[in-house]
Amino acid sequence: MGTGSSYHGSHVSGTIAASTNDGVGVAGVSWGAKILPVRALGAGGGSLADIYEGLLWAVGLDVAGVPRNPNPAQVVNMSLGGPVPCPDFVQEVIDRANQQPQKPIIVVAAGNSQDDARNYTPASCAGVITVGATEYRGYRAYYSNYGPRIDVMAPGGDTTVDQNGDQLPDGVLSTVWDDYANQPSVDFMQGTSMASPHVAGLVALMKARNPNLGLAEVLSILKQTARPLNDQACTGLPHDRVEVYLSGSDCGAGLVDAYRALQMVAGGGGGPGPGPDFQIQLSPASLTLGPGQSGQVTVSILGSGGFNGLVNLSLEGNPPGVSGAFVPNPTSSSSTLTLTVAGTVSPGTYSLRVRGVSGSLVKEATLGLTVSTAPPPSRPTVRGTYVFALYLTPDEEDIDPDRSKYVRIDRDGNSAPYSIPNLEGGKYVVVGWKDANGNQDVDEGDYLGVYMDNRGDYRVIPPKGGVDFTLELMVSSFGTSSDRARVRDWVQKVWRRP
């Protein structure tokens with residue numbers, strides 16, 4: 001019975017060791033590594049015995065019925081798993097593999113269930129490097145498992161979004177076979193299956209530099225040189241598929257840094273660690289603004305190696321008429337960038353850069369800006385704005401219109417206080433809406449604003465003060481993200497309630 005292949009193994013192998021600098025396809029992390037393919041699972045499936053006998057054979061141990069492997073693996077990647085804590089027999093196999101004389105390093109995927117990795121095998125086993133997945137922003141990918149069993153994070157992609165505005169899904173691009181053209185090809189995939197081979201390829205580079213490195217040394221170097229994720233980045237917000245609230249420690253030591261890890265190997269299995277360093281993280285990583293509008297981006301400074309310096313921030317690559325102001329600046333932790341688009345800026349997509357300088361260290365992060373075609377009307381007074389407290393259903397997938405309330409602001413100015421009395425106990429989404437075009441619909445030309453705290457959480461539990469938000473013009477692209485479209489529909493539902 002014929003069953004098509006996803007070419008999952010081909011994709012993983014390409015990430016590790018695709019041919020490089022040949023102008024074809026993609027580049028592998030460890031381009032000089034040799035792949036030892038062990039097919040334990042295929043289109044027809046496979047058993048646990050297949051998987052773990054495959055591991056034993058890969059590292060050079062005897063498996064009944066097949067010749068011994070003459071080229072025992074230095075590094076084993078396992079982009080697979082299941083929803084069960086590590087069984088004793090699996091742990092025994094891993095322990096046997098780790099005792100081989102070449103000191104093999106086993107790298108495994110954390111799992112794609114947005115769950116605690118301690119509930120999955122082989123992610124929860126001892127003696128392996130467990131890898132979670134990040135997406136374009138360097139945040140935890142929404143699907144990635146998390147928790148204290150995560151060692152490090154690596155790029156796993158997110159094919160549901162296009163955060164860099166290149167009109168392509170933000171997945172990991174690697175090698176597959178094109179069944180229709182009957183030839184090699186490349187394609188985007190997402191998953192901790194894609195993150196794990198990034199680390200396996202890096203470990204192969206480390207072992208190439210010092211073959212005597214064992215699991216303890218490799219893991220120590222990876223963790224010491226990784227770039228930590230803060231609470232927001234590990235949670236993965238804002239993203240409409242994130243369903244958990246995490247701390248930075250739930251993403252292990254953070255995002256691996258190949259250059260720093262190889263520096264630390266230093267040819268002799270150790271040496272002094274890299275000095276203080278930092279990276280810049282943006283949330284959101286892209287904005288859509290109309291001429292005459294402003295928007296805000298949180299700029300986070302993620303230090304490593306004991307970094308505690310001040311970072312001077314600047315905006316680079318901005319076209320005439322687009323300006324940015326950072327408050328505070330300089331900063332050692334975070335700053336708010338207010339991006340302003342003049343009315344003279346032509347519609348289009350622009351690639352800007354946020355640059356940070358601290359002494360001799362210079363870092364940049366890319367910020368996408370789309371300038372929409374419709375210029376907004378002059379900024380209206382807040383008079384006539386309705387502020388909604390939308391009552392969330394227990395599953396938080398919808399709102400209850402009968403338990404939701406709203407008030408009208410009847411004063412002029414750019415801002416105004418408000419209070420919504422007599423709210424029931426529960427969780428709410430707080431939204432402001434001004435029907436600027438007067439058609440009684442929540443649509444293009446109106447202003448809409450949603451409260452969200454500094455962790456990206458939109459849920460409000462009364463009584464709570466300081467629930468502030470900014471009204472944003474609804475242009476043609478406003479409702480293209482599912483979260484914005486959902487809020488718009490919720491407001492409309494309450495507004496039209498009998």
Side-chain angles (χ1 to χ4, degrees), residues 136-137 162-166 232 238 280-301 310-331 333-357 363-383 385 412-416 431-434 436-437 444-454 456 468-481 483-484 487:
Y136 172 77
R137 299 173 295 179
D162 176 20
Q163 293 173 328
N164 60 358
D166 64 357
Q232 179 184 357
I280 298 173
Q281 204 167 68
L282 306 180
S283 179
S286 62
L287 287 175
T288 298
L289 300 171
Q293 277 193 293
S294 296
Q296 292 188 328
V297 175
T298 298
V299 182
S300 298
I301 305 300
L310 288 173
V311 178
N312 287 282
L313 298 168
S314 61
L315 187 66
E316 307 291 332
N318 44 311
V322 175
S323 59
F326 297 86
V327 177
N329 191 17
T331 180
S333 55
S334 67
S335 178
T336 298
L337 164 62
T338 300
L339 199 66
T340 301
V341 178
T344 57
V345 179
S346 299
T349 300
Y350 302 91
S351 181
L352 284 58
R353 302 184 310 279
V354 174
R355 173 175 290 184
V357 179
K363 305 293 177 180
E364 290 187 342
T366 301
L367 174 63
L369 171 64
T370 298
V371 178
S372 62
T373 57
S378 58
R379 190 76 177 175
T381 173
V382 294
R383 181 184 292 275
T385 298
D412 292 317
N414 293 324
S415 62
V431 182
W433 168 57
K434 181 174 174 104
N437 57 24
E444 185 175 347
D446 291 349
Y447 286 84
L448 199 72
V450 182
Y451 169 77
M452 186 175 291
D453 69 14
N454 56 14
D468 301 327
F469 54 85
T470 300
L471 293 175
E472 182 180 354
L473 179 68
M474 297 175 65
V475 294
S476 58
S477 61
F478 186 91
T480 55
S481 68
D483 53 346
R484 283 177 162 180
V487 169

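Side chains included, hydrogens not; waters and symmetry mates left out as well; all remaining heavy atoms used.
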Within-4.5 Å side-chain heavy-atom neighbours: [X] and [Y]:
X: Asn164; Y: Thr366; answer: no
X: Thr385; Y: Tyr447; answer: no
X: Leu367; Y: Leu337; answer: yes

Exercise: identify the closest heavy-atom pair between [X] and [Y]:
X: Leu471; Y: Trp433; result: CD2-N, 4.3 Å
X: Pro291; Y: Ser372; result: CD-O, 3.5 Å
X: Tyr451; Y: Phe469; result: N-CB, 3.9 Å
X: Lys434; Y: Asp446; result: O-CB, 3.3 Å
X: Arg137; Y: Pro238; result: NH1-O, 3.1 Å

So, taking the atom named [atom1] in [X] and the one named [atom2] in [Y], what distance separates them when rounded to the nearest 0.5 Å?
X: Leu310; Y: Thr331; atom1: CG; atom2: OG1; value: 7.5 Å
X: Leu289; Y: Thr370; atom1: CG; atom2: OG1; value: 9.0 Å
X: Leu287; Y: Tyr350; atom1: CG; atom2: OH; value: 14.5 Å

Under the side-chain contact (heavy atoms from CB on, under 4.5 Å) rule, what do Gln293 and Val341 come out as? Steps first, then yes or no, please. CA-CA 6 Å; Gln293 277 193 293; Val341 178; 5.5 Å; no
Run Ile280 and Ile301 through side-chain contact (heavy atoms from CB on, under 4.5 Å) and show every step you take. CA-CA 5 Å; Ile280 298 173; Ile301 305 300; 4.3 Å; yes
Under the rule for side chain to side chain donor-acceptor pair (under 3.5 Å), what residues qualify as partners of Ser346, not counting sequence neighbours?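 Per chain and number, Ser346 pairs via side chain to side chain donor-acceptor pair (under 3.5 Å) with no residue.
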Only counting residues at least two apart or in another chain, list the ones meeting side chain to side chain donor-acceptor pair (under 3.5 Å) with Ser334.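 In terms of side chain to side chain donor-acceptor pair (under 3.5 Å), with neighbours along the sequence ignored, Ser334 is linked to no residue.
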Tell me if a side-chain donor or acceptor on Lys363 pairs with a main-chain N or O of Val354 at a distance below 3.5 Å.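 No, Lys363 side chain to Val354 backbone: no donor-acceptor pair under 3.5 Å.
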Side-chain donor-acceptor contacts of residues 311-328 below 3.5 Å, not counting sequence neighbours, with atom names and distances?
unit_1	atom_1	unit_2	atom_2	d
Ser314	OG	Glu316	OE2	2.9
Asn318	ND2	Val322	O	2.7

